Each structure stands twice: as structure tokens, then as C-alpha cells.
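Reviewing the structure listed below.
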Amino acid sequence: MSKRRKGAANVRVAPPAAGPVTFRAGCAREWSIPSQEPDLAYTEQAFPECPTCLHRVEPEGGPPFCTLRPVGTEHPFAALAGLDLPE
């Protein structure tokens with residue numbers, strides 16, 4: 001239960017408007033759409049190479065998808081490439 005200060009107005013702050021972001025799929029196709037998301041899931045799988053694409057993810061209990069990332073961002077696991085683990 002949250003407490004409100006006496007006399008405080010119940011005000012909601014709207015998130016900033018989303019500007020167009022260009023997202024790229026594993027096949028290098030791009031879509032520019034307004035979004036504030038760090039990545040999107042492309043579930044349509046409408047292109048002929050989608051069933052064999054190396055970027056396709058097939059989760060248990062859900063539809064296959066491709067992750068769309070904003071152009072110019074690193075892969076989420078890119079930082080792991082530089083790790084030097086002791087044997």
C-alpha cells in the first residue's frame with residue numbers, strides 16, 4: 001500500500017515520445033519504426049530463408065522468432081568475447 005502526502009496531486013508522467021529507430025534482423029533486413037525497446041522479436045518469419053536462418057530462436061511453448069536489434073548496437077553477448085577465463 002502506498003502512502004500519499006497530504007494535498008499531493010495524483011499526477012501521471014507520460015514517458016517520452018518514441019522516435020523512429022532502425023532495427024536490423026540477422027538476415028540484414030531493416031525496419032524503421034517508433035520504439036523505445038532495446039530489441040524486438042520478429043515472429044512473422046515471412047522470408048524464404050527464415051526457417052534455416054542462424055538467428056532464428058525456437059523457444060519451447062512459443063512461436064519461433066528473430067531478434068531485431070537497433071542498428072549500431074553490439075550483440076548483447078559481445079562483451080563475453082573478450083573474457084579470458086582461467087583453465
Side-chain angles (χ1 to χ4, degrees):
M1 184 170 177
S2 65
K3 294 182 180 179
R4 258 187 7 170
R5 291 182 307 172
K6 207 173 198 178
N10 189 9
V11 177
R12 292 184 184 203
V13 177
V21 177
T22 301
F23 289 90
R24 181 179 294 146
C27 64
R29 286 184 174 85
E30 295 181 355
W31 291 268
S32 290
I33 58 173
S35 178
Q36 292 180 325
E37 300 301 322
D39 57 19
L40 300 174
Y42 172 65
T43 58
E44 188 177 2
Q45 307 287 290
F47 304 105
E49 67 273 21
C50 286
T52 59
C53 179
L54 297 176
H55 297 269
R56 179 181 166 111
V57 178
E58 296 187 24
E60 287 186 34
F65 66 91
C66 180
T67 300
L68 305 178
R69 292 190 180 87
V71 171
T73 59
E74 289 188 0
H75 188 280
F77 301 123
L80 298 177
L83 289 179
D84 184 19
L85 300 175
E87 299 205 23

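Please read these numbers as outputs of a predicted model, since none were measured by experiment.
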Using side chain to side chain donor-acceptor pair (under 3.5 Å) as the criterion, list what pairs up with Thr22, not counting sequence neighbours.
-> Ser32
Could you give me the CA-CA distance, side-chain angles and deciding distance for Leu40 and Ile33, then say whether side-chain contact (heavy atoms from CB on, under 4.5 Å) is met?
-> CA-CA 11 Å; Leu40 300 174; Ile33 58 173; 3.3 Å; yes
Look up atom OH in Tyr42 and atom CH2 in Trp31, then write down how far apart they are to the nearest 0.5 Å.
-> 5.0 Å
Check: residues 53-67 side-chain donor-acceptor pairs under 3.5 Å, at least two apart:
unit_1: Arg56; atom_1: NE; unit_2: Glu58; atom_2: OE2; d: 2.9
unit_1: Arg56; atom_1: NH1; unit_2: Gln45; atom_2: OE1; d: 2.9

Residues forming a side chain to side chain donor-acceptor pair (under 3.5 Å) with Glu37, sequence neighbours excluded | none
Determine which pairs satisfy salt bridge (Lys or Arg N to Asp or Glu O under 4.0 Å) with at least one residue from residues 40-55, sequence neighbours left out, and list them in order.
-> Arg29-Glu49
Closest non-hydrogen atoms of Pro70 and Val21, given as atom of the first, atom of the second and distance, are CB-CG1, 4.0 Å
